[in-house]
Amino acid sequence: MQNLNTFLMFKINSLPYLKLSLNSLFIIGLFTVISLPTYAYDIQPVSNSCDIYKNIEQSDKPITLSEFKETPNGIDIYSDNFALQVAKFQLCQTKYPFSKDTDVISQYAKYEQALSRFANKAISDFPKKDSLSHKQIEQFKSDGVYYQEQLVELYFQMALNYYIGEFVPKDDNKAIQYMSKVVDYFQQNKANSSIWLDYMVGTGLVRKNRRVSPNNPIILQQETETGLGIVSTALLSKAGHLDSKAVLLLEAFNYWRASHVNSSQKELEQYLQPLISELTGYAELGSYKAIEGLDEIYTELALTDARYEPKANYWQKQSENIPQDNTSWH
């Protein structure tokens, strides 16, 4: 298992804290976003993109990926509408892993057996590493017992593995189930680190791509940063990640504004009413992205209407209180 700490520390040391602007709300590469607001789009899949797996499994001869016209989860990796693509993300499941390496497949089966023992437990139910003595840690290793830091990494890695389907059969529902364990852990115990989960998912997928079989169709939707961003957004939003959900609302707003350049102030306020309500709910639960978004929205509204100044001042103060680059895993 690769160490998640390396993902996070690279992010903290090399990138400034992101600020969202209403004039240019966008998410770069791996920092995209989540569950589509119900009032923005009504998406009905026109086909089952998961059939790509059925076609491969039932084929008597090898199928080259160039023969397929869509990606496994049905997303457009070149789209400029992230919110729409996240909404179109279809959940797939296969019978078999793509790898033929029985030794590696057997090892991942053991990881799954370990996690199945903890199905009814939260990660926080286990002891933290710093509460254990060296002797206890060594005994844990011997007995196959986990402490929190090990378990959260195992859930994270297995969530990505179930999405990719290389060494375990692809199962997006299980990927989301395991990712929700990680999301819950971070939002309850590592709030300052939760904002970096989208980066960690994207980076984890890039690293796992190096071991993906050439006939695994997951390659088709990870050829661009946009594709990776949509995937990380879809997995995290469905797993309950508040920051991802908040940014998706803002991304949908950004797209709406780009297509309604001549909208009136009344139309803008009508669109924003349910969006602000949802963002406020996420902000009250601790979403930094929601707080940033509300700061930007009310600041802009206050420029043309003094009624919004108290809200603008309030959310500006909340935004200023967001921790800056002091995230720690310990």
Checklist entry - For the side chain of Ser180 and the backbone of Gln177, is there at least one donor-acceptor N/O pair under 3.5 Å apart? => result yes

Checklist entry - Is any NZ, NE, NH1 or NH2 atom of the basic residue among Lys128 and Asp130 found under 4.0 Å from an Asp or Glu carboxylate oxygen of the other? => result no

Item to check | Co-membership, hydrophobic cluster, residues Ile230 and Val206, 4.5 Å side-chain | outcome: yes

Item to check | ring pair (Phe, Tyr, Trp, His ring centres under 6.0 Å) partners of Phe167, counting only residues at least two apart | outcome: Tyr108

Checklist entry - Would a distance-only check, ignoring hydrogens and angles, find a side-chain to backbone donor-acceptor pair under 3.5 Å from Gln187 to Leu242? => result yes

Item to check | Working for side chain to side chain contact (heavy atoms under 4.5 Å, CB included), residues Phe186 and Met200 | outcome: CA-CA 12 Å; Phe186 274 90; Met200 290 153 54; 4.1 Å; yes

Checklist entry - Does the His241 side chain pair with the main chain of Ser194, one donor and one acceptor, at a distance under 3.5 Å? => result yes

Checklist entry - Can you tell me if Asn192 and Tyr288 form a side-chain donor-acceptor pair at under 3.5 Å? => result yes

Item to check | Set of residues satisfying salt bridge (charged side-chain N to carboxylate O under 4.0 Å, His left out) with respect to Glu138, sequence neighbours excluded | outcome: Lys141

Checklist entry - Does any N or O in the side chain of Asn254 come within less than 3.5 Å of the main-chain N or O of Leu250, such that one atom is a donor and the other an acceptor? => result no

Next on the checklist: Is a donor from one side chain sitting under 3.5 angstrom from an acceptor on the other, for Ser59 and Asn55?
Outcome noted: no

Item to check | Minimum side-chain heavy-atom gap Ile322-Ile195 below 4.5 Å | outcome: no

Item to check | Minimum side-chain heavy-atom gap Gln188-Ile123 below 4.5 Å | outcome: no

Checklist entry - Hey, are the side chains of Thr71 and Ile218 touching, using non-hydrogen atoms and a 4.5 Å cut-off? => result no

Checklist entry - So which pairs with a foot in residues 116-127 pass side chain to side chain donor-acceptor pair (under 3.5 Å), sequence neighbours left out? => result none

Next on the checklist: Using a 3.5 Å distance criterion without hydrogens, assess whether the side chain of Thr203 forms a donor-acceptor pair with backbone atoms of Tyr199.
Outcome noted: yes

Checklist entry - Residues two or more places apart in sequence or in another chain: which of them pass side-chain hydrogen bond (donor to acceptor under 3.5 Å, both in side chains) with Tyr308? => result Glu269

Next on the checklist: Tell me whether Thr280 contacts the main-chain N or O of Ile276 through its side chain, where contact means a donor paired with an acceptor under 3.5 Å.
Outcome noted: yes

Next on the checklist: Below 30° counts as parallel, above 60° as perpendicular, anything between as tilted: where do the rings of Tyr178 and Tyr162 land?
Outcome noted: perpendicular

Next on the checklist: Donor-acceptor pair, distance only, cut-off 3.5 Å: does the side chain of Ser277 make one with the backbone of Gln273?
Outcome noted: no

Checklist entry - How far apart are the C-alpha atoms of Ser49 and Asn73, what are their side-chain angles, what is the distance that settles it, and do they pass the side chain to side chain donor-acceptor pair (under 3.5 Å) test? => result CA-CA 6 Å; Ser49 64; Asn73 295 103; 5.7 Å; no

Checklist entry - Do Thr224 and Thr226 have side-chain atoms, one donor and one acceptor, less than 3.5 Å apart? => result no

Checklist entry - Any donor-acceptor pair under 3.5 Å linking the side chain of Ser131 with the backbone of Pro127? => result no

Checklist entry - By side-chain hydrogen bond (donor to acceptor under 3.5 Å, both in side chains), which residues pair with Asp80, not counting sequence neighbours? => result none

Next on the checklist: I'd like to know if the side chain of Ser79 reaches the main chain of Asp76, judged simply by a donor and an acceptor atom lying under 3.5 Å from each other, with no hydrogens or angles considered.
Outcome noted: no

Checklist entry - Are any non-hydrogen side-chain atoms of Gln318 and Asp295 less than 4.5 angstrom apart? => result no

Checklist outcome for this item: Residues pairing under salt bridge (Lys or Arg N to Asp or Glu O under 4.0 Å) where one sits in residues 164-181, two or more places apart or in two chains, turn out to be Glu112-Lys174, Lys170-Asp172

Item to check | 4.5 Å side-chain heavy-atom contact, Tyr163 and Leu205 | outcome: yes

Checklist entry - Could you state the interatomic distance from CD (Gln157) to CG (Leu115), rounded to the nearest 0.5 Å? => result 11.5 Å

Next on the checklist: Could you measure the distance from the OG atom of Ser99 to the CD1 atom of Ile164? Nearest 0.5 Å is fine.
Outcome noted: 12.0 Å

Next on the checklist: Counting the benzene-type ring for Trp, do Tyr155 and Phe118 have ring centres under 6.0 Å apart?
Outcome noted: no

Checklist entry - Looking at Tyr147 versus Phe126, is the centre-to-centre ring distance below 6.0 Å? => result no

Checklist entry - Heavy-atom distance under 4.5 Å between the side chains of Glu267 and His260, does that happen here? => result no

Item to check | Glu57 side chain to Lys95 backbone, donor-acceptor under 3.5 Å | outcome: yes

Next on the checklist: Test of understanding: clusters of I, L, V, M, F, W, Y form through side-chain heavy atoms closer than 4.5 Å, transitively. Do Tyr96 and Val168 belong to the same one?
Outcome noted: no

Next on the checklist: Is there a path of hydrophobic side-chain contacts, each under 4.5 Å between heavy atoms, that joins Val104 and Tyr111?
Outcome noted: yes

